[in-house]
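One structure is given here, and the rest of the page talks about it.
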Amino acid sequence: MDEIAKIIIGDQTYSYPVIEGTEREKAIDIRRLRSDTGYITYDDGFGNTGSCISDITFIDGETGILRYRGIPIEELAEHADFLSVAHLVIYGELPDRDGYYEWIKNIRQRAPLHTGLMKMFESYPPNAHPMAVLSSMLNSMGCYYPQMTSNNREHDLEHFEDAAALLISKVRTIAALTYRSEMGMPFVYPRTDLRYTENFLHMMFSQPYNRYEPTEAVVDALDLFLVLHADHEQNCSTSTVRMVASGGANLFASVSAGVGALWGPLHGGANTAVVRMLESIHERGDDGSRYIEAAKRGEERLMGFGHRVYKNYDPRAKILGNAVRRVLRELDQNDPLLNIAQRLEEAALSDDYFISRKLYPNVDFYSGLLLKAIGIPVEMFTVMFAIGRMPGWIANWKEVAAAEKGRIYRPRQIYNGPVKRTMLKS
Ligand code: SDX
């Protein structure tokens, strides 16, 4: 017999069906609640609210499981490159050999930016924050592709494949451009003979007189970083993309809004905040214990720790922690911040304040150290997160745009302002 949930209000009992996902997650379907009872639910931060049914990513926060289209993140981290994972997240399957070459060909040929966008780029101050530039450039880019940004869903979906390849390709070019501008260096054009991540590093660090040739270890580490960031259920930025998509807006406008949401230090901005935190601890000669005490007093946040969903170790943090140690060994670097991070982690994982609140390292705790080891400047860390998350945003936009009976996202509220009054003089 199907499970039902009963809500008793006064002398009335209301029954609501329980829906179950393929991983046995259960939800009470309350879509009739207000029309039945006149009541709504209240769930500040939506920690108990499912906004959609999705086939893309599954997280079990209690046991630290993360799967893209059913495949465990550990397997993908070990055996797949970022573009294969991007294809899996967007289209539901890893590409076969021919499909892979078609996919990377489409992405490779779309790396350059329209000269009009290059001119627009020159109007930003050189020290403009890369996330501000990225958000506006992605939306403005849509002006050059009116066939993909008609806001007529059927029409926009016809061009979805090219729009997806274009955004995945160009988000990387824009990111590199923001760095070159900040450094006052000329822009380096993308090459058509380099792999996705290698091409990004080329655009970031090559000089007109000599090409930057990263080691395999560096390319693989950055590719792994992007794989681990590809999607993550209905996090703040992905839910923003779906919110914007639900109104019928095109893919470019939706991912541009996603960039804005990701920028916040509690979300994608945390990778930058973690390194800043570690640097400040290092500068004060603190081994981290004073900082931990301050966090327990509520005076500081242990950035890179805690998660709305993971109440266990974020599997991405484990993989990234190993990758940082591997890359530093390969590059023969010794980063004092890594030692501080490891001490913070050990201390926090044995301290009741963190244990009782189930606060574990999340994806951002080690990711910044990995980017730092590769030579990516701190200001670019959140942009790197956006490059990685682009496939997830694209896949979620498509789920909304292609839904049979999609409804616009329009949550309710409880009004708590001044009761009715007049501005008219009596
Ligand atoms: C990402 O959603 C996703 O999937 C996001 C992400 C993705 O891939 O898209 O995984 C990427 O955004 C990871 C999170 C990056 N943010 C940080 O690392 C910032 C530091 N973390 C926190 O701000 C916090 O843990 C959040 C924002 C991540 C989660 O916040 P919640 O779920 O709203 O938890 P909360 O703020 O209600 O905290 C519960 C308790 C509070 O203590 P009490 O009031 O019960 O005494 O835990 C404490 C908080 O003070 N707490 C922390 C803490 N995080 C929570 N105390 C110290 N340091 C922390 N980091």
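Start at 1 and go down the list; that is how both ligands and their atoms are numbered. Predicted model only: the values in this text are computed from it and were never measured.
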| task | Just go through Val274, Ile59, Asp231, Asp364 and tell me whose heavy atom is the nearest to atom 1 (C) of ligand 1. | result | Asp364
| Numbering the atoms of ligand 1 from 1, which are under 4.0 Å from a heavy atom of Ala270? | 15 (C), 16 (N), 17 (C), 18 (O)
| said: With a 6.0 Å cut-off on the ring centroids, do Phe385 and His229 count as close? | reply: yes
| query | Of the protein's non-hydrogen atoms, which lies at the shortest distance from atom 21 (N) of ligand 1, and what is that distance? | reply | Phe305 O, 2.9 Å
| request: Kindly indicate whether atom 26 (C) of ligand 1 is approached by any protein heavy atom to under 4.0 angstrom. | output: no
| query | Are any of the protein's heavy atoms under 4.0 angstrom from atom 30 (O) of ligand 1, yes or no? | reply | no
| query | Between Phe160 and Trp397, what is the ring plane arrangement, given parallel below 30°, perpendicular above 60°, and tilted in between? | reply | parallel
| query | What atoms of ligand 1 come within less than 4.0 Å of a heavy atom belonging to Gly306? | reply | 25 (O), 28 (C)
| request: Tell me which part of Asn362 gets within contact of ligand 1: side chain, backbone, both or neither, using heavy atoms under 4.0 Å. | output: side chain
| Rounded distance (nearest 0.5 Å) linking atom CG of Leu302 with atom CG of Leu359 | 8.0 Å
| atom 35 (P) of ligand 1: which of His267, His232, Arg301, Glu300 has the nearest heavy atom? | Arg301
| query | Looking at atom 52 (C) of ligand 1, what's its closest protein heavy atom, distance included? | reply | Leu359 CD1, 3.5 Å
| query | Is Arg357 positioned over the aromatic face of Tyr353, cation under 6.0 angstrom from the ring centre and no more than 45 degrees off axis? | reply | yes
| task | Could you tell me whether Glu3 and Lys26 make a salt bridge, using a distance below 4.0 angstrom between a side-chain N and a carboxylate O? | result | yes
| query | So is there a nitrogen or oxygen of Asp314 less than 3.5 Å from a nitrogen or oxygen in ligand 1? | reply | no
| ligand 1 to Arg308 polar contact by distance, N or O atoms, under 3.5 Å | yes
| said: Once you restrict to heavy atoms under 4.0 Å, what part of Tyr353 touches ligand 1? Side chain, backbone, both or neither. | reply: side chain
| said: Less than 6.0 angstrom from the centroid, inside 45 degrees of the normal: does Arg172 satisfy that with respect to the ring of Tyr196? | reply: yes
| field | Note: Asp162-Arg110 ion pair, threshold 4.0 Å (strictly below) | value | yes
| task | Mind telling me whether Tyr14 and Tyr16 have parallel, tilted or perpendicular rings, with 30° and 60° as the class edges? | result | parallel
| field | Nearest protein heavy atom with distance in Å, relative to atom 6 (C) of ligand 1 | value | His307 NE2, 3.7 Å
| note | The closest protein heavy-atom partner of atom 19 (C) of ligand 1 is Met303 CE, 3.6 Å
| field | Those atoms of ligand 1 less than 4.0 Å from some heavy atom in Asn235 | value | 2 (O), 3 (C), 4 (O), 5 (C), 9 (O)
| field | Heavy-atom check, side chain of Ile65 versus side chain of Ile59, under 4.5 Å | value | no
| Parallel, tilted or perpendicular, as decided by the 30° and 60° cut-offs, for the rings of His307 and His232 | perpendicular
| Out of Leu266, Thr57, Leu302, Val363, who gets a non-hydrogen atom closest to atom 16 (N) of ligand 1? | Leu266
| request: Would you mind running through ligand 1 and noting each atom that sits below 4.0 Å from a heavy atom of Gly304? | output: 17 (C), 18 (O)
| field | Shortest protein heavy-atom distance from atom 9 (O) of ligand 1, along with the residue and atom involved | value | Arg389 NH1, 2.8 Å
| request: Assess Lys318 against Tyr313: is NZ or CZ under 6.0 Å from the centre of the six-membered ring, and within 45 degrees of the ring's axis? | output: yes
| said: Check Arg191 with Glu198, please: is the shortest side-chain N to carboxylate O separation under 4.0 Å? | reply: no
| To which protein heavy atom is atom 45 (O) of ligand 1 closest, and what is the distance rounded to 0.1 Å? | Arg357 NE, 3.7 Å
| task | Using a 4.0 Å heavy-atom cut-off, say whether His229 meets ligand 1 through its side chain, its backbone, both or neither. | result | neither
